[in-house]
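Chain identifiers are assigned alphabetically (A, B, ...) following the order of the sequence lines, protein sequences preceding nucleic acid strands; residue numbering begins at 1 within each chain.
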Amino acid sequence: MQLTAIQKFLWVLVGIAGLTFVWGLLWMGPRSDQSGSSQDPAFSAAFELTDHQGQIRSEEDFAGRWMLIFFGFANCPDVCPTTLAEVAAVMDGLDGDADKVQPIFISIDPERDTPQALAEFVPLFDERIIGLTGTPEQIAATSDTFPIYFERIDDASAPDGYTMGHSSHLFLFDGQAGFVDSWPYGTTAEEILTDLRKRM
Amino acid sequence: MTKVYLSAVTALMLAAGSGAPAVAGSKDVVVEGAWSRASIGTNRPGAAYMTVRNAGDEAVTLTGIETDLAMRPEVHRTSTSDQGVSSMAPAGDIRIAPGETVALEPGGLHAMLMMLQRPMVEGEAFELTLSFSDGGEVSVEVPVLGMTARGPKD
């Protein structure tokens with residue numbers, strides 16, 4: 001069957017509409033699941049990346065614990081340190097329950113964020129936070145697994161001539177790596193802690 | 001505690017140490033609640049936050065910032081889309097209407113401190129000078145708080 005240019009174009013549109021729909025479900029679905037009931041999660045955390053100490057880590061390493069996962073880059077002066085500071089405050093607020101929660105920072109800037117670069121950045125906010133990075137291909141794959149978006153933005157005034165735009169949500173996963181909830185950037189540690197305590 | 005320096009027309013005059021009579025506008029700017037987070041070394045940019053209040057009767061326009069702490073200080077704006085994607089870009093000139101306060105705060109406008117000349121050490125402070133389109137300048141002492149600070153009082 002020969003497709004005309006218009007038919008091809010329409011199929012592309014159908015594809016985009018489908019992807020948009022699925023993406024929308026990922027975002028909207030979990031919001032209605034307030035009970036943490038037996039419903040299947042919208043998606044599960046899946047990764048195999050290198051941590052800031054050079055160890056390969058996957059979601060299986062954190063089975064049985066809650067995971068707080070967020071994305072960023074070490075050259076980020078505003079959003080990422082702010083989120084790291086909020087997560088550090090959440091960990092402090094959890095007191096004795098802190099060992100039930102694993103906070104994870106995944107770099108979306110693999111060019112600059114070597115394990116060593118993350119080691120100089122992530123644990124200084126809270127030594128319990130694990131920084132993960134990988135090859136550009138591995139990091140690109142995380143935006144297939146997680147409903148996140150990131151892009152390189154050329155900016156002559158920024159260090160190395162570029163900055164990164166990226167999803168700034170904080171994601172919560174349960175002990176089976178199933179997605180539970182997400183908080184938009186700017187949610188305070190106190191609000192996150194209240195939500196988290198209700199679920200634990 | 002906030003030292004306010006004024007200059008009428010150009011930085012040259014300032015360099016020459018000749019404080020000139022103030023032009024209405026930036027002399028009525030009040031900078032408050034300045035703070036920043038400690039940096040790790042000098043490789044990555046820092047950020048400083050504060051509120052800039054125009055207590056006067058005329059609009060003022062913030063055109064730039066300067067500090068000896070960073071070779072390239074610039075006001076940047078973080079914006080977050082409906083989809084939760086955050087990105088940063090130079091903010092350009094910022095007009096502040098009479099009576100209005102512009103907040104440089106996490107997740108929004110911030111003084112981005114690129115090419116740090118020395119590490120930002122908790123407990124220390126640095127001077128930051130805001131320049132306005134009328135040639136006026138306002139300097140503020142910015143305390144460096146801990147890395148996990150979440151606001152000026154931490």
Side-chain angles (χ1 to χ4, degrees), chain A residues 23-24 27 70-89 91-92 108 112-113 117 119-126 129 147-153 155-160 162-171 182-190, chain B residues 35-49 64-65 69-92 103-116 119-122 144-154:
Chain A
W23 192 76
W27 279 111
F70 51 115
F71 298 83
F73 62 112
N75 268 271
C76 161
D78 182 38
V79 163
C80 309
T82 301
T83 306
L84 282 159
E86 296 291 345
V87 168
M91 295 308 288
D92 285 344
I108 44 75
R112 287 184 290 202
D113 290 346
E120 292 167 3
F121 178 68
V122 175
L124 283 104
F125 289 86
D126 188 304
I129 305 175
I148 63 151
Y149 171 83
F150 64 90
E151 63 176 340
R152 182 183 159 128
I153 301 167
D155 176 353
S157 71
D160 306 318
Y162 72 97
T163 181
M164 301 296 296
H166 61 94
S167 296
S168 48
H169 279 70
L170 177 64
F171 296 91
S182 72
W183 296 278
Y185 171 77
T187 309
T188 64
E190 289 73 17
Chain B
W35 65 285
S36 61
R37 286 195 189 100
S39 71
I40 305 142
T42 56
N43 289 340
R44 285 177 281 272
Y49 305 101
I65 52 174
L69 174 67
M71 292 254 288
R72 198 159 190 168
E74 204 168 57
V75 179
H76 279 216
R77 186 190 305 275
T78 298
S79 41
T80 302
S81 73
D82 292 345
Q83 285 77 37
V85 176
S86 298
S87 56
M88 244 179 358
L104 276 63
E105 58 188 3
L109 291 168
H110 52 277
M112 181 145 160
L113 309 170
M114 292 174 284
M115 301 175 75
L116 289 177
M120 297 167 71
V121 179
E122 181 175 358
V144 179
L145 309 182
M147 282 194 64
T148 53
R150 295 155 62 204
K153 292 180 190 71
D154 284 356

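- Heavy-atom distances place both the backbone and the side chain of A:Thr82 under 4.5 Å from chain B.
- Highest contact tally toward chain B, considering only A:Val79, A:Val87, A:Asn75, is held by A:Asn75 [criterion: heavy-atom pairs under 4.5 Å].
- Heavy atoms only, all atoms of each residue included: A:His169 and B:Gln83 are closest at CE1-O, 3.8 Å.
- Contact record, B:Ile40 with A:Phe121: CD1-CA, 3.6 Å, taken as the closest heavy-atom pair.
- Looking at every heavy atom in both residues, A:Gly165 comes nearest to B:Val85 through C-CG1, 4.2 Å.
- Counting heavy-atom pairs closer than 4.5 Å to chain B, the top-ranked of the candidates A:Ala117, A:Pro81, A:Cys76 is A:Pro81.
- Heavy atoms of A:Asp155 lying under 4.5 Å from chain B belong exclusively to its side chain.
- Contact count against chain B (heavy-atom pairs under 4.5 Å) is highest for A:Glu120 among A:Glu151, A:Glu120, A:Met164.
- Contacts of B:Ser86 with chain A are made by both backbone and side-chain atoms, with heavy-atom separations under 4.5 Å.
- Nearest heavy atoms, B:Pro106 versus A:Asp78: CA-OD1, 3.3 Å.
- In terms of heavy atoms, B:Met114 sits closest to A:Ala158 at SD-CA, 3.9 Å.
- Minimum interatomic distance between A:Phe125 and B:Thr148 (heavy atoms only, all atoms of both residues): O-CG2, 3.2 Å.
- Most heavy-atom pairs under 4.5 Å with chain A: of the set B:His110, B:Met88, B:His76, B:Met115, this distinction falls to B:His110.
- Heavy atoms of A:Leu84 lying under 4.5 Å from chain B are absent altogether.
- If you measure heavy-atom distances from B:Ala149 to chain A, the contacts under 4.5 Å come from the backbone alone.
- Rounding to the nearest 0.5 Å gives a distance of 10.0 Å between CZ of B:Arg44 and CZ of A:Arg112.
- One N or O on the side chain of A:Ser168 and one on the backbone of B:Gly84 form a donor-acceptor pair closer than 3.5 Å.
- Chain A forms more heavy-atom pairs under 4.5 Å with one residue of B:Pro90, B:Gly41, B:Gly46, B:Gly108 than with any other, namely B:Pro90.
- Put simply, of A:Ala74, A:Gly186, A:Ala89, the one with the most heavy-atom pairs under 4.5 Å next to chain B is A:Ala74.
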